[in-house]
Amino acid sequence: MKILVINGPNLNLLGEREPTIYGDESLKAINDELYEAAQELTFFQSNSEGSIIDSIHAARLDYAGIVLNAGAYTHYSYAIHDAINAIKIPVIEVHLSNISSRDEFRKKSVIAPACAGSIAGFGKYSYMLAIQALDYLFEAKK
Ligand code: DQA
């Protein structure tokens, strides 16, 4: 089962960016660790809303599911919400930090209602758990 892992804005700076919140590992180090656990993964990162939407659209043809950390777009991108609703494959929303325990504006995810489920607050393990959640969904469908 091929899975696309999409990371949105500012996540390219993981390791440097607010390490007390997001940890001191780079996105590459996290992706490498995920890849060791599951070789069916492909990784994409973009700081642009349109590119994230294009990658969601393209994934519908080739992938069984998507793991998406939309960064701050989570909180206001109705366009990403619509892109998720436009495709049939499941999308799991992930966040390194617990968005419910931070700033007021982070408490709302406008993409959550379009996603199969959401995982937040477990650092890099949020991605691992999201991959397990997709595996569970694929198994349940068999
Ligand atoms: C984030 C949480 C968002 O609120 C923030 O804008 C990010 C990272 C997370 O992974 O915890 O860029 O998605």
Out of curiosity, [X] [atom1] to [Y] [atom2], how far, rounded to the nearest 0.5 Å?
{"X": "Leu41", "Y": "Glu36", "atom1": "CG", "atom2": "CD", "answer": "11.5 Å"}
{"X": "Ile56", "Y": "Ile6", "atom1": "CD1", "atom2": "CD1", "answer": "5.0 Å"}
{"X": "Ile111", "Y": "Asn85", "atom1": "CD1", "atom2": "CG", "answer": "11.0 Å"}
{"X": "Ile30", "Y": "Met128", "atom1": "CD1", "atom2": "CE", "answer": "10.0 Å"}
{"X": "Arg106", "Y": "Ser100", "atom1": "CZ", "atom2": "OG", "answer": "12.0 Å"}
{"X": "Ser126", "Y": "Ile92", "atom1": "OG", "atom2": "CD1", "answer": "12.0 Å"}

Stepwise, does the side chain to side chain donor-acceptor pair (under 3.5 Å) test hold for Ser109 with Glu93?
-> CA-CA 9 Å; Ser109 165; Glu93 172 189 17; 2.8 Å; yes

Any idea which heavy atoms bring [X] and [Y] closest together, and the distance?
{"X": "Lys124", "Y": "Glu33", "value": "NZ-OE1, 2.8 Å"}
{"X": "Thr74", "Y": "His95", "value": "OG1-CE1, 3.1 Å"}
{"X": "Ala64", "Y": "Ile89", "value": "O-CB, 3.5 Å"}
{"X": "Ala116", "Y": "Leu137", "value": "CB-CD1, 4.0 Å"}
{"X": "Ser77", "Y": "Val110", "value": "N-CG2, 3.5 Å"}
{"X": "Ser51", "Y": "Phe44", "value": "O-CE2, 3.8 Å"}

Hey, does [Y] have a side-chain heavy atom less than 4.5 Å from the side chain of [X]?
{"X": "Leu129", "Y": "Val94", "value": "no"}
{"X": "Asn10", "Y": "Arg17", "value": "yes"}
{"X": "Tyr63", "Y": "Thr42", "value": "yes"}
{"X": "Leu96", "Y": "Leu14", "value": "yes"}
{"X": "Lys88", "Y": "Arg60", "value": "no"}
{"X": "Leu11", "Y": "Tyr22", "value": "no"}
{"X": "Ile52", "Y": "Pro9", "value": "yes"}
{"X": "Tyr76", "Y": "Phe105", "value": "no"}

Would you say that more than 12 heavy atoms from the other residues, nucleotides or ligands in this model lie under 6.0 Å from the [atom1] of [X], or not?
{"X": "Tyr125", "atom1": "OH", "answer": "no"}
{"X": "Lys2", "atom1": "NZ", "answer": "yes"}
{"X": "Asp62", "atom1": "CG", "answer": "yes"}

Partner of Val91 under side chain to side chain contact (heavy atoms under 4.5 Å, CB included), chosen from Val67, Ile80, Ile84 =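 Result for side chain to side chain contact (heavy atoms under 4.5 Å, CB included) with Val91: Ile84.
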
ILVMFWY network linking [X] to [Y], side-chain heavy atoms under 4.5 angstrom:
{"X": "Phe122", "Y": "Leu68", "result": "no"}
{"X": "Ile87", "Y": "Met1", "result": "no"}
{"X": "Leu13", "Y": "Ile21", "result": "no"}
{"X": "Tyr73", "Y": "Ile99", "result": "no"}

Has the side chain of Ser46 got a donor or acceptor atom that lies under 3.5 Å from a matching backbone atom of Ser48?
->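 Yes.
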
Quick one: do Phe43 and Leu27 satisfy side chain to side chain contact (heavy atoms under 4.5 Å, CB included)? Show the steps, please.
-> CA-CA 10 Å; Phe43 301 97; Leu27 183 59; over 6 Å; no

Are side-chain N/O atoms of Gln45 and Asn47 paired as donor and acceptor at under 3.5 Å?
->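 Result is yes, a qualifying pair exists.
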
Any residue meeting side-chain hydrogen bond (donor to acceptor under 3.5 Å, both in side chains) with Lys28, in chain and number order, not counting sequence neighbours |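 Listed in chain order: Asp32.
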
Going through the checks in order, is the side chain to side chain contact (heavy atoms under 4.5 Å, CB included) test met by Tyr127 and Asn7?
-> CA-CA 10 Å; Tyr127 295 93; Asn7 278 285; 2.5 Å; yes

Residue pair Ile3, Phe138: steps toward the side chain to side chain contact (heavy atoms under 4.5 Å, CB included) verdict = CA-CA 11 Å; Ile3 295 172; Phe138 302 151; 4.2 Å; yes

